[in-house]
Novice: 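Supplied in structure tokens, the structure appears directly below.
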Amino acid sequence: MTPAELSQSLFDLVLRLIERRREAGSASADLGLTVADVTLERPRNRDHGDWASSISMKIAKALGANPREIAGELAAGLEQIPGVASVEVAGPGFINIRLEAAAAGALAKTIVDAGENYGTGSTYAGIKINLEFVSANPTGPIHMGGVRWAAVGDSLARVLKAEGADVTREYYFNDHGSQIDRFARSVLASYLGEPTPEDGYGGAYISDIANKVVELYEGDLAALPRDEQQEVFRSIGVDLMFTEIKDKLHSFGVDFDVFFHEDSLHESGAVERAIERLREQGHIFESEGAIWLRTTTFGDDRDRVIIRSSGEPAYISGDLGYYLDKRERGFDQNLVMLGADHHGYVGRLMAMTEAFGDIPGQHHEILIGQMVNLVREGEPVRMSKRAGTIVTLDDLVDAVGVDAGRYALVRSSSDSQVDIDLDQWGKRTNDNPVFYVQYAHARTRSVARNAATSGVERTAFAPELLTHDSESALLGVLQEYPRIVALAAELREPHRIARYIEELAGYYHRWYDNCRVIPLGDEPVTDLHRTRLWLNDATGQVIRNGLGLLGVSAPERM
RNA sequence: GCCCCCGUAGCUCAGUGGAUAGAGCAGCGGCCUUCUAAUCCGCUUGUCGUAGGUUCGAUUCCUACCGGGGGCACCA
């Protein structure tokens, strides 16, 4: 008895009820209901049963009937379904359904049999999705803002894959613009012993880079004219910086399928082709010596320069070519994660999407995440690459480790700003919920090991024996997992996975406290013990699957 | 001025129209000769920013306002 089967049954009952009303003349029009409208909810309050539906209140008005009366009719039908133990009508017209223990408990075996596939779905089967995230400029170590998107983006990629999508993780590597020039000038200045340029970067890493470039460069650097020196520092320095970023992300468990260089768009003519395409569509015009894209046609605040009057391409020109390139590579959906400081850019990107004839929000979707604030002893610290007051990926990992770091960044909604107090994170790691979840997993493994040595095996499976309150509660939560994964994918909100496994871990701990898998002392091993082992292993599997979607390890022991 | 996000327990935050709004932390008090006490149990805390509106039902949707954050370049 899966929720899907139950809601299908309820849907059928609703259709028949509507039919009866229509024949009796009390209902006229077709309500146009689909199965999706007949949702089952898992009530917060366990007294309200295993599943509840509010469908009678939703259709009562259209049927001109009392919701409680309708609920009563539906309840009578539901009670006939095998596996349903009891049905009650409550409050204004809720239908509360209680399943038989055997019907609910069957899930434990279903999960164990499905293994790591439990919870996966097919929402995006056959869909190619490009997920672009981090894309930090290689002008310094990756800072907390970027780290947040690394954790969230990678997790989102995993969630989308779990729903069947063919996902490409992509990093847009900006090696073209003036920020790179500033970086090069800063490194050069450090090498020459000059003060940091006014618009340059001032962190300690700049002199490290300068030293390394000097080591790596094979010619006589000192003999070169200044502009050639700068080019050496630019090319080797960017390379060093970029390699470091890649390595750090890798050690954080985040690997990209494609590193896309902005330079390549300009070199390959992709930008020009994109502009040409837009020109054909009539969205390009010239004014004041510059070339513009008429984004106001598609709701942008103002039109946008794409080629400056100097002939230099503006930043957005790269995005024109880039987006077209992604579409030509066959991606059905292109997701881009940006920080809130780039939100002003969304309007023109969506306008561009429409100018190409695509649908904003479908072919191209910008996910805006709020900023990360650094806090020290309760005081906000302004993060700035230029001032050198940055907290890097390394600082985070050094302070709390990869698992706790990833978990902390992914467990809150991207719509909320997060405050990071490294002092606090560093000394109070036990407060992090990740350990609560990991401990629950380790416990399931420990129980499994002890079961093996005590002769409790997953031979018999008698789900009708799982009658303890904590068992039906645990089963109810386990049943929700596939819906949580699907929701996380649909809403692009991986934090829902984290919140879910925290809840699951709580239900597991309480079950563990109440129900023994291994018999005490000389007591014989019974089918109840064996069946509970199934439930134990099923729970471990789901926690493991959930942690996997977050890129957090599921330890065997703690 | 315009746009986006947030405002929920002392703190950090969950809760995409359902029933008595939840969790962790912090505080107080309990449970280890029995599968891991990083667990569990009990106690305590709310004008869900404010005011309207839509709805059988609003923390959730709409409008206005207040407060915090972030944006509004021929920068990237």
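Lettering of chains follows the sequences in order, A, B, ..., and the numbering in each one begins at 1.
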Novice: Side chain of A290(A): nearest nucleotide among rA21(B), rG71(B), rC74(B)?
Specialist: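 The answer is rC74(B), which lies nearest to the side chain.
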Novice: Quick one: R44(A) CZ to rU59(B) P, roughly how many Å, whole number?
Specialist: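 These atoms are roughly 11 Å apart.
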Novice: By the 4.0 Å heavy-atom rule, please label A60(A) as base, sugar-phosphate, or nothing.
Specialist: nothing
Novice: May I have the distance from K58(A) (atom NZ) to rU55(B) (atom C1'), rounded to whole angstrom?
Specialist: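 Answer to the nearest Å: 13 Å.
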Novice: Pick base, sugar-phosphate or nothing for N96(A), based on heavy-atom distances below 4.0 Å to the nucleic acid.
Specialist: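 Counting heavy atoms under 4.0 Å across all strands, the contact made by N96(A) includes a base.
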Novice: Is T444(A) near enough to rU36(B) that one of its side-chain N or O atoms lies under 4.0 angstrom from OP1 or OP2?
Specialist: no
Novice: Report the distance from atom CE of M558(A) to atom C1' of rU36(B), rounded to the nearest whole Å.
Specialist: 10 Å
Novice: Whole angstroms only, please: what is the CD-C1' distance between E41(A) and rA19(B)?
Specialist: 10 Å
Novice: Measure from the side chain of I518(A), starting at C-beta and using heavy atoms only, and say which of rC35(B), rG69(B), rA76(B) lies closest.
Specialist: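 Looking only at heavy atoms from C-beta outward on I518(A), the closest nucleotide is rC35(B).
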Novice: Using purine N1 to pyrimidine N3 plus N6-O4 or O6-N4 for Watson-Crick, or N1-O2 and O6-N3 for G-U wobble, each under 3.5 Å, what pairs with rC72(B)?
Specialist: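 Paired with rC72(B), as far as the under-3.5 Å criterion goes, is rG1(B).
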Novice: With both distances under 3.5 angstrom, what nucleotide forms a Watson-Crick or G-U wobble pair with rU33(B)?
Specialist: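 Here rU33(B) is not engaged in any pair, so there is no nucleotide opposite it.
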Novice: Any side-chain N or O of N432(A) less than 4.0 Å from the OP1 or OP2 oxygen of rG24(B)?
Specialist: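 Answer no for this pair, as no side-chain N or O of N432(A) is under 4.0 Å from OP1 or OP2.
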Novice: Check whether the side chain of S446(A) and the base of rC35(B) form a donor-acceptor pair under 3.5 Å.
Specialist: no
Novice: Which nucleotide, rC74(B), rA14(B), rA19(B), lies nearest any side-chain atom of A90(A)?
Specialist: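 Nearest to the side chain of A90(A) among the choices is rA19(B).
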Novice: Touch check for S454(A), heavy atoms < 4.0 angstrom, all strands: base, sugar-phosphate only, or nothing?
Specialist: nothing
Novice: For a quick check, tell me whether the side chain of E288(A) and the base of rC74(B) share a donor-acceptor pair closer than 3.5 Å.
Specialist: yes
Novice: So what does H509(A) touch, heavy atoms closer than 4.0 Å: a base, only the sugar-phosphate, or nothing?
Specialist: sugar-phosphate
Novice: Could you state the CG-P distance from D415(A) to rC4(B), rounded to the nearest angstrom?
Specialist: 13 Å
Novice: Are a donor atom and an acceptor atom from the side chains of D303(A) and T296(A) found within less than 3.5 Å of each other?
Specialist: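 Yes.
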Novice: So if I take every side-chain heavy atom of S54(A) and compare against rG18(B), rA76(B), rU36(B), which nucleotide ends up nearest?
Specialist: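 Looking only at heavy atoms from C-beta outward on S54(A), the closest nucleotide is rG18(B).
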Novice: Answer with base, sugar-phosphate or nothing: what part of the nucleic acid does A52(A) contact at a heavy-atom distance below 4.0 Å?
Specialist: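 Since a base atom lies under 4.0 Å of A52(A), the category is base.
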Novice: Side chain of L520(A): nearest nucleotide among rA19(B), rA14(B), rU34(B)?
Specialist: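 The nucleotide sitting nearest to the side chain is rU34(B).
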Novice: Name the residue closer to the 5' end of RNA chain B, choosing between D301(A) and N450(A) according to the nucleotide with the nearest heavy atom.
Specialist: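 Mapping each residue to its closest nucleotide by heavy atoms, the 5'-most match is N450(A).
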Novice: Under 4.0 Å, counting only non-hydrogen atoms across every strand here, what does S416(A) touch: a base, just sugar-phosphate, or nothing?
Specialist: sugar-phosphate
Novice: For the rings on Y172(A) and H261(A), is their centre-to-centre separation under 6.0 Å?
Specialist: no
Novice: Could you check how far CG of L535(A) sits from C1' of rC35(B), rounded to whole Å?
Specialist: 14 Å
Novice: Any ion pair linking R98(A) and D50(A) (charged N to carboxylate O, less than 4.0 Å)?
Specialist: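 So D50(A) does not pair with R98(A) through a salt bridge.
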Novice: In whole angstrom, what separates Y512(A)'s OH from rC35(B)'s C1'?
Specialist: 5 Å
Novice: Just to be sure I understand the rule, does E556(A) reach a base, reach only the sugar-phosphate, or reach nothing, if contact means heavy atoms closer than 4.0 Å?
Specialist: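 Base, at least one base heavy atom under 4.0 Å.
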Novice: Compute whether any side-chain donor of one residue and acceptor of the other, for E471(A) and W511(A), lie under 3.5 angstrom apart.
Specialist: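 The criterion, which ignores hydrogens and geometry beyond distance, is satisfied for W511(A) and E471(A).
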Novice: Between rG15(B) and R496(A), is there an OP1 or OP2 to side-chain N/O distance shorter than 4.0 Å?
Specialist: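 So the side chain of R496(A) is within the cut-off, an N or O lying under 4.0 Å from OP1 or OP2 of rG15(B).
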Novice: Once you apply the 3.5 Å cut-off to both distances, tell me the Watson-Crick or G-U wobble partner of rC25(B), or none.
Specialist: rG10(B)
Novice: Could you check P43(A) against A451(A) and say which one's nearest nucleotide on RNA chain B is further toward the 5' end?
Specialist: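 Comparing both residues, the 5'-ward one is P43(A).
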Novice: Measure from the side chain of R499(A), starting at C-beta and using heavy atoms only, and say which of rC40(B), rA14(B), rA76(B) lies closest.
Specialist: rA14(B)
Novice: Among rC40(B), rC35(B), rA76(B), find the nucleotide with the atom closest to the side chain of D513(A).
Specialist: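 For the D513(A) side chain, the nearest candidate turns out to be rC40(B).
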Novice: Distance check, P atoms only: rU44(B) and rU33(B), in whole angstrom units.
Specialist: 29 Å
Novice: So, for Y323(A) and H364(A), is the gap between ring centers shorter than 6.0 Å?
Specialist: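 So the answer is yes for these two rings.
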Novice: Side chain of Y439(A): nearest nucleotide among rG69(B), rU36(B), rA76(B)?
Specialist: rU36(B)
Novice: With a cut-off of less than 4.0 Å, is there a side-chain N or O of Y507(A) near OP1 or OP2 of rA23(B)?
Specialist: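 No, outside the criterion.
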Novice: If the plane angle is over 60° it's perpendicular, under 30° parallel, otherwise tilted; pick one for Y508(A) and Y512(A).
Specialist: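 Tilted, since the angle between the ring planes falls between 30° and 60°.
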Novice: Grab the NE2-C1' distance between H342(A) and rC5(B) for me, whole Å please.
Specialist: 16 Å
Novice: Which nucleotide in the set rA73(B), rA19(B), rA14(B) lies at the smallest distance from any side-chain heavy atom of R302(A)?
Specialist: rA73(B)
Novice: If the glycosidic angle sits within 90 degrees of zero it is syn, else anti. Tell me which applies to rC32(B).
Specialist: syn
Novice: Please determine whether a side-chain nitrogen or oxygen atom of R443(A) lies at a distance below 4.0 Å from atom OP1 or OP2 of rA37(B).
Specialist: yes
Novice: Taking the side chain of R510(A) as its heavy atoms from C-beta onward, which of rC40(B), rA73(B), rG70(B) lies nearest to it?
Specialist: rC40(B)
